Every structure is written in C-alpha cells, then in structure tokens.
Visitor: 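So that we are looking at the same thing, I have put the structure below in structure tokens.
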Protein chains: 2
Amino acid sequence: MHKTSTINDVARLAGVSKRTVSRVINGSLSVGDGTRERVEKIISELNYSPNTQARGLASSRSYLLGLIYDNPDALYLDDVQRGVLEVCSQLGYELVVHPCRYRSETLVQDCFNFINRSKLDGVIVLPPVSELDHLASALKEAGRPYVRLTSVLLDETRHSVVSDDRAAAAEMARYFAQLGHSDIAFISGPQRYKSSTERMEGFKLGLSAYGIELKPERIIEGNNTYETGIECARQLLTQQPLPSAIFANNDQMAAGVLKAAHDLGIAIPRQLSVAGFDDNLLASRVIPALTTIRRPVRQMAQLAASKIIMDIEHNSKAANNVAAKVAPTLVVRESTARFAEPAA
Amino acid sequence: MHKTSTINDVARLAGVSKRTVSRVINGSLSVGDGTRERVEKIISELNYSPNTQARGLASSRSYLLGLIYDNPDALYLDDVQRGVLEVCSQLGYELVVHPCRYRSETLVQDCFNFINRSKLDGVIVLPPVSELDHLASALKEAGRPYVRLTSVLLDETRHSVVSDDRAAAAEMARYFAQLGHSDIAFISGPQRYKSSTERMEGFKLGLSAYGIELKPERIIEGNNTYETGIECARQLLTQQPLPSAIFANNDQMAAGVLKAAHDLGIAIPRQLSVAGFDDNLLASRVIPALTTIRRPVRQMAQLAASKIIMDIEHNSKAANNVAAKVAPTLVVRESTARFAEPAA
DNA sequence: TTGTATGCGTTATCAG
DNA sequence: CTGATAACGCATACAA
C-alpha cells in the first residue's frame, strides 16, 4: 500500500537496464535465463506491477475492454458481464461498461468517443446494437477489435458469437406440435430486430414441418417488455376461439401472458400452454415456472471475450479459432402441457 | 476517425503554446477571452479530445471509477450501474466493474490490485462488501476516494450513502399490525450482514410498538436466495398453527414463499400475507404481485457517484454536502391483506 | 496572461 | 542478449 514501485526500481535493484525489465515483463524470448530469474525475483519482492497508463501511452494499449449495449434485460446483462469478466480478469483486462442509445443519430460517434477517450483495446457489442451494420463497419474500418453477440451470423466469424435462435424456435415448434397443439399463437418482438424475425421464422418453419400454419391473426407484435406481453396476451385471449398455446419472443413477455391469463381466469397449463425464450432468472421464478429456450449467454460472453483478446494479442486469425456458435436448448417446465379439448 | 489529433496540433493551429491549450482544456481562468475562443474553435474543428492515458500519467488521474461488489442480485446491480453511469458519464468518467469475493482472505489485496492497475480515481462499494470495515480502512489509509452503499451508517458521511432499512422494516411492521396480523413470521437474511440485522431489528421494534412480539420460533434464517426462501417457508408453513403473515428479508425469498405456499395449497393473500424487501423487478412480476419495500437504489447510486466525484475534484469537504441518506418506502401490492380468522 | 522546460512510467529504435 | 535514448501526450513548476 506504500508508494508503488516503478520499472526503474526494479532495474536498479536487479542491476539491469529498464529495457531488460521491460523484456521480462512482456515475455520476450531474448533474455538470458539468469537475468530473467533475477528480474522476476525483484519484481515479486517489490510486488511491482506495470503502470497501465504509461504502458498505454507508449504502446497504445489500455488493457481495457468495452461493453456496448442499449437497455437490455438486467438479467441478460448480468450474465454477460459475468461471462466476460471470468475470461478477461484472468488475462489482465478490465471491463468498462457503456450504455448507449440504439436509435440515436450519433450512436457511432458516441461509441467512438467512448472508445477513443479510454483507448479501449476492443469492444463487445450486445444486441440489439450488435445488429447495426454501420456501427460494425465503422469499427472494422477503424481497425478496432470488436465482437458482436447476435442471433444470426451477420459478420465474419472472428467478429461474431451467435446463438442459433432460428433452430431453437423451431425446436419449440416441434415440442408444441408433439404435444398436440395446432392452434398456436405467437407474440413476436419488434420486427426491426433480427433476433425477432429469426425466432419467428424458425417457429413458422418448425410448425410447417408438422403441417401447422401460424395464422396471421395469431401473430401479435410486442416490445419484449412485461407490459406489452400482458397487452398482447389480452388481445389474444379475448378472441374466440382461444389458441391452445402461446409462444412469446422472450420470457418477460411470457410472464406477461401468465399475468393476463391469470386475470382472465384461464388456467395454465390446463387451458393454455405458454412458453418463453431466454431462460432468464424470471422464467424459473414465476408460477407456473416457464417452459422456455435457454440461451447460453454466459458462455457466449466468455467466447466473445476470448475471441477479442485473441484478436488483440495474436491478430485476427487466432480469433477465428474460437467457437462462434452456440446452441440454445429447450427447457421444459410447468407452463406447457399436452393439448386437451376444451371442456364444453 | 482518422488519426486522432493531439494538444500539439491544437497549439500549432491556434498559434499558442500547449501550455495555453492545456489551460483552456482545464478551464483555467487566467486565459484571455480572445485566446480562449480561438483555441476552443480549433479544438472543436479538430474534434480534439485529450488523451486520457497521457493525462493520467502526468497528473495521476484516470477518469475511471470502479464498482466493487460480490454477487449481488442482478437487478440490483443493474440499477446501481444505471444510476452511477447517469452521473459519471455526464462528468467525463467511465465505470469499470469488478466482482470480488466477500469471504476471500485476499479481498483487500485483490481490490487494491484492481485499483492500482487501472489507477482508479475512486471506487463505489456495494453491500455486502461495503460492510467490511477493514476494506474501508485500507481505502481510507491509502487516501483513495471511496463511497460505501450500506443499510446503516458505518462511516463518515462523505464516504456513505445509506438507506434506512431499519425504519423501513418498522414501517412494514406497522402495516402488518394495522392489517390485524399478530402471529407474524420473519425470514431473515444471513446474520453476518448488517442489512439483515437492521431489517430484523427494525421489524421487531415496529411490531413491539403495537404490543406484538416476534417469537423466536417464527424467525428463520435464509440466504437471500429464492431457493432458501422456499425452504424456510416450507418449515414455517408446516407448523401448526400457521402464521398469518410472513415478512421476508428480500424479494427473492418472498418469491420463494409464494412458491412454497402455492405448492402447499395455501392461498395468498387470503390465508397468508407475504411481503418482501427491495422492490426489484421480480416483485411486480410474480403472481400475486409482492407488497414490498422500495429501495431507491438508482438514486443511491447517483448520490454515490456525485459524492465520489466531488471528493475527487473538490476534495472531501464538498462530498459531505451530497445527501447521504435516502428513505425506502412501502409499496402495497396484492400479496398482503387484512387478517381473517381461518375458516374452521 | 502566456510560454519554457521537465517529468510521469513504459515501450520502441537502434546500436553494440 | 543487453543498454542508452528517444518518443508517447499531457500537466505543472517556474519564468517572463
């Protein structure tokens, strides 16, 4: 806790030049074994660690990673942060968080100010901001390492970690079909988001494999929030006949469906099956617990962090070797059941 | 996005020395109006912004704030981050997040490594880590600006933002009493946390004002998690007679109570009133929605950020002028009702 | 009010 | 394999 020591102290005590100490720190191969050991001994005795700012000034690196996002689900964000941190703190990087506004005219400018101000070594971009191609182009052009978390491949694999939402939604469709449901409704997310269209397409495709059609009047667009989940469900559940199952674009909205059904006296899953997407904390807490799709968010975040650090330290080829795809999986809980003819 | 310009470029183009540019940047008063304008014009033309690393090297400041925490509720963390960012991004600071382990032997060392490595200008510490006096002492001794978010005043006001959990719990007690409940149970948090003991004490005190005693067999200690909420509730709800109300130390556990009651066929709020603490997102999403105590977390975070930046920029006296106390409030929803004699 | 010179702790250039 | 020495971009004591 006393005055922190510098490379000069190390050099003096080890009886070498600072250049040599620098070599040791950075793992240069061209240092004699004896010299290296001596320097390392002093380093640990002094509990010395290099000054990041000075290092950055000289080498234009900051050991800082940025996380760019716009107002995601708190639980999703938390998962991402954990995943990223698990990797980056191991490797000596810190994480700087940066909310921004998806719709802002100055989004790109804002992000670059953020990046330049703090001299970020790289950034991880979360959906839906990650779907913005002009941001990605700007990042690429600026030569700034970046990775996008998305629901469908939108970029080179060294810049992508994607969950196959389409396939996952198709799996949900198959599950519904096998339960005997045929009159199924879907509460979609905003159509401007790729994640929304992917899930909808996947669901339709999955259904059609069983000869089931997702009728246009059974599709309502929500906003991925609990509140719009309630609204959409209310619309769906005041029509006659009632659908026997509802698939919502995410868990928040599915929770809203539960609420609306409860208010309308509709029993779940007896009269209505409900499923969500994400498997965030909420999904397992509500009653009945939600059947949903689990996205391995934490793992995606870890991959993103690994990828970006590979890119930073070994240049982009290495980044390609980190997996870029993860598979979401179906989690069956209590909110879905076999189709039963409504009691007269 | 082209090569970023430096203070030298500005100086050259404005026809002044870099010392003068530096003065303008830092808002020194002793600069001629004409000179200042000229410099500012060039600055905006060049879209120049000072290199934080160089700045830090020269003045030992980083414009980085740290957030230290151990595994808090995701929703709580999200609220905090938002609050802090609202303030600090206005004032030119970035936020670096840093999870750590409350019980770790090397906690203090870890935190200092984090702080020193990134040359953080200050740190905000979240509960329960914020309750660790030895960490605070070390921070103080090192002269590093810091602010603790706590449930009871543990430090000088310039280092504290506290929510009066005791008073809030007492208010909940009053509310229960006025609903006619007298056989009340409490699921506490871990007793090693001050927040837990404060809430329990407050609740007891509030009850005793109405001549109601919180019987020892009606107190069970949980772990602030959903799962332990279920377990504790199960113990409470398999005793005879049943308590008519349960107050849980937080919303997660209260949600667990809802689940346990549901499984046991106990109707809420008709047969049992349930309340939580925090008012996190979950509270309003479960069915029935939870009566709870709302902690103004976001506001606390804003205050903490303001306080710490005051400390950094104007030295500790100013930090004292930022409010250090906030009052949680009772939020009545659907999970509580007037006491009704159990039907024979 | 303005400018000069020096230092902050590293990395990088170029010799040896 | 190792060592002087010059950047890196900015702030600040000290002059003018």
Side-chain angles (χ1 to χ4, degrees), chain A residues 2-40 42-43 46-64 92 115-121 312-313, chain B residues 2-40 42-43 46-64 92 115-121 312-313:
Chain A
H2 25 291
K3 191 176 178 325
T4 145
S5 46
T6 79
I7 198 174
N8 290 309
D9 302 328
V10 178
R12 185 165 29 80
L13 266 52
V16 298
S17 76
K18 51 200 265 193
R19 183 69 185 93
T20 298
V21 178
S22 176
R23 285 196 178 91
V24 172
I25 294 171
N26 295 294
S28 163
L29 297 172
S30 43
V31 176
D33 284 346
T35 315
R36 176 188 310 280
E37 277 174 29
R38 195 147 28 94
V39 171
E40 280 173 344
I42 301 290
I43 286 184
L46 256 43
N47 190 23
Y48 162 79
S49 89
N51 178 322
T52 331
Q53 296 181 322
R55 222 177 182 187
L57 226 209
S59 64
S60 51
R61 290 193 43 190
S62 63
Y63 293 87
L64 255 28
I115 293 171
N116 291 332
R117 265 184 50 83
S118 297
K119 294 282 177 293
L120 266 33
D121 284 347
I312 295 169
E313 302 190 341
Chain B
H2 24 289
K3 190 177 180 323
T4 146
S5 44
T6 79
I7 198 174
N8 290 309
D9 302 327
V10 178
R12 186 164 29 80
L13 266 51
V16 300
S17 77
K18 50 199 264 193
R19 181 68 183 90
T20 299
V21 178
S22 176
R23 286 196 178 91
V24 172
I25 294 171
N26 294 296
S28 161
L29 298 172
S30 44
V31 176
D33 285 346
T35 315
R36 177 189 308 281
E37 278 175 29
R38 195 147 28 93
V39 171
E40 281 174 344
I42 302 290
I43 286 183
L46 255 44
N47 190 23
Y48 162 79
S49 87
N51 178 320
T52 329
Q53 295 180 323
R55 223 180 185 186
L57 228 207
S59 62
S60 51
R61 291 192 41 191
S62 63
Y63 292 87
L64 255 30
I115 293 172
N116 291 332
R117 267 184 49 82
S118 297
K119 293 285 178 291
L120 266 32
D121 286 345
I312 295 169
E313 301 191 341

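Just so you know, these numbers come straight off a predicted model, no measurement behind them.
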Visitor: What is the distance, rounded to the nearest whole Å, between atom CZ of B/Arg19 and atom P of C/dT6?
Guide: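 The answer, rounded to whole Å, is 16 Å.
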Visitor: With respect to the side chain of B/Ala58, which nucleotide from C/dG3, D/dC10, C/dT2 is positioned closest?
Guide: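 Looking only at side-chain atoms, B/Ala58 lies closest to D/dC10.
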Visitor: Rounded to whole angstroms, how far apart are NZ on A/Lys18 and C1' on C/dG9?
Guide: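 Checked: the NZ to C1' distance equals 7 Å.
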Visitor: Whole Å only: how far is the CD atom of B/Gln53 from the P atom of D/dC10?
Guide: 11 Å
Visitor: Can you measure from CZ (B/Arg117) to OG (B/Ser62) and round to the nearest 0.5 angstrom?
Guide: 13.0 Å
Visitor: Distance-only, no hydrogens or angles: does the A/Ser118 side chain make a donor-acceptor pair with backbone N or O of A/Leu120 under 3.5 Å?
Guide: no
Visitor: Does a side-chain N or O from B/Arg55 land closer than 4.0 Å to OP1 or OP2 of D/dA11, or not?
Guide: yes
Visitor: Want to settle it: does A/Arg23 or A/Asn8 sit nearer the 5' end of DNA chain C, counting the closest nucleotide to each?
Guide: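 Its nucleotide being nearer the 5' end, the pick is A/Asn8.
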Visitor: If you find the nucleotide of DNA chain C closest to A/Ala54 and the one closest to B/Gly15, which residue's nucleotide is nearer the 5' end?
Guide: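 Going by which nucleotide is closer to the 5' end, it is B/Gly15.
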Visitor: Hey, is the side chain of A/Thr20 poking within less than 4.0 Å of OP1 or OP2 on D/dT2, counting only N and O atoms?
Guide: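 Checking A/Thr20 against D/dT2: no side-chain N or O falls below 4.0 Å of OP1 or OP2.
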Visitor: Rounding to a whole Å, what distance do you find between A/Glu37:CD and D/dC1:P?
Guide: 14 Å
Visitor: How many Å lie between NZ on B/Lys119 and P on C/dC8, as a whole number?
Guide: 14 Å
Visitor: What's B/Val21 touching, base or sugar-phosphate or nothing? Going by heavy atoms closer than 4.0 Å.
Guide: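 The answer is nothing, as B/Val21 stays clear of every strand by at least 4.0 Å.
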Visitor: Is the phosphate of C/dT10, meaning OP1 or OP2, less than 4.0 Å from a side-chain N or O of A/Tyr48?
Guide: yes
Visitor: Could you check how far CG of A/Asn51 sits from C1' of D/dG9, rounded to whole Å?
Guide: 14 Å
Visitor: Ignoring backbone atoms, establish whether A/Ser59 has a side-chain N or O less than 4.0 Å from OP1 or OP2 of C/dT11.
Guide: no
Visitor: Any base atoms under 4.0 Å from B/Ser22, or only sugar-phosphate, or nothing? Heavy atoms, all strands.
Guide: base
Visitor: In a check of side-chain contact (heavy atoms from CB on, under 4.5 Å) between B/Leu13 and each of B/Leu46, B/Ile43, B/Val39, which one passes?
Guide: B/Leu46
Visitor: To the nearest angstrom, how far is B/Arg61 atom CZ from D/dA11 atom P?
Guide: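 Interatomic distance, CZ of B/Arg61 to P of D/dA11: 10 Å.
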Visitor: Do B/Leu64 and A/Leu64 make a side-chain contact, defined as non-hydrogen atoms from C-beta onward lying under 4.5 Å apart?
Guide: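 The answer is yes, as the side chains (C-beta and beyond) meet within the 4.5 Å cut-off.
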Visitor: Atom CD1 in B/Ile7, atom CZ in B/Arg55: separation rounded to 0.5 Å?
Guide: 9.0 Å
Visitor: How many Å lie between CZ on B/Arg38 and C1' on C/dT1, as a whole number?
Guide: 12 Å
Visitor: Taking only the side-chain nitrogens and oxygens of B/Thr35, find out if one of them lies under 4.0 Å from OP1 or OP2 of C/dT2.
Guide: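 Checking B/Thr35 against C/dT2: at least one side-chain N or O falls below 4.0 Å of OP1 or OP2.
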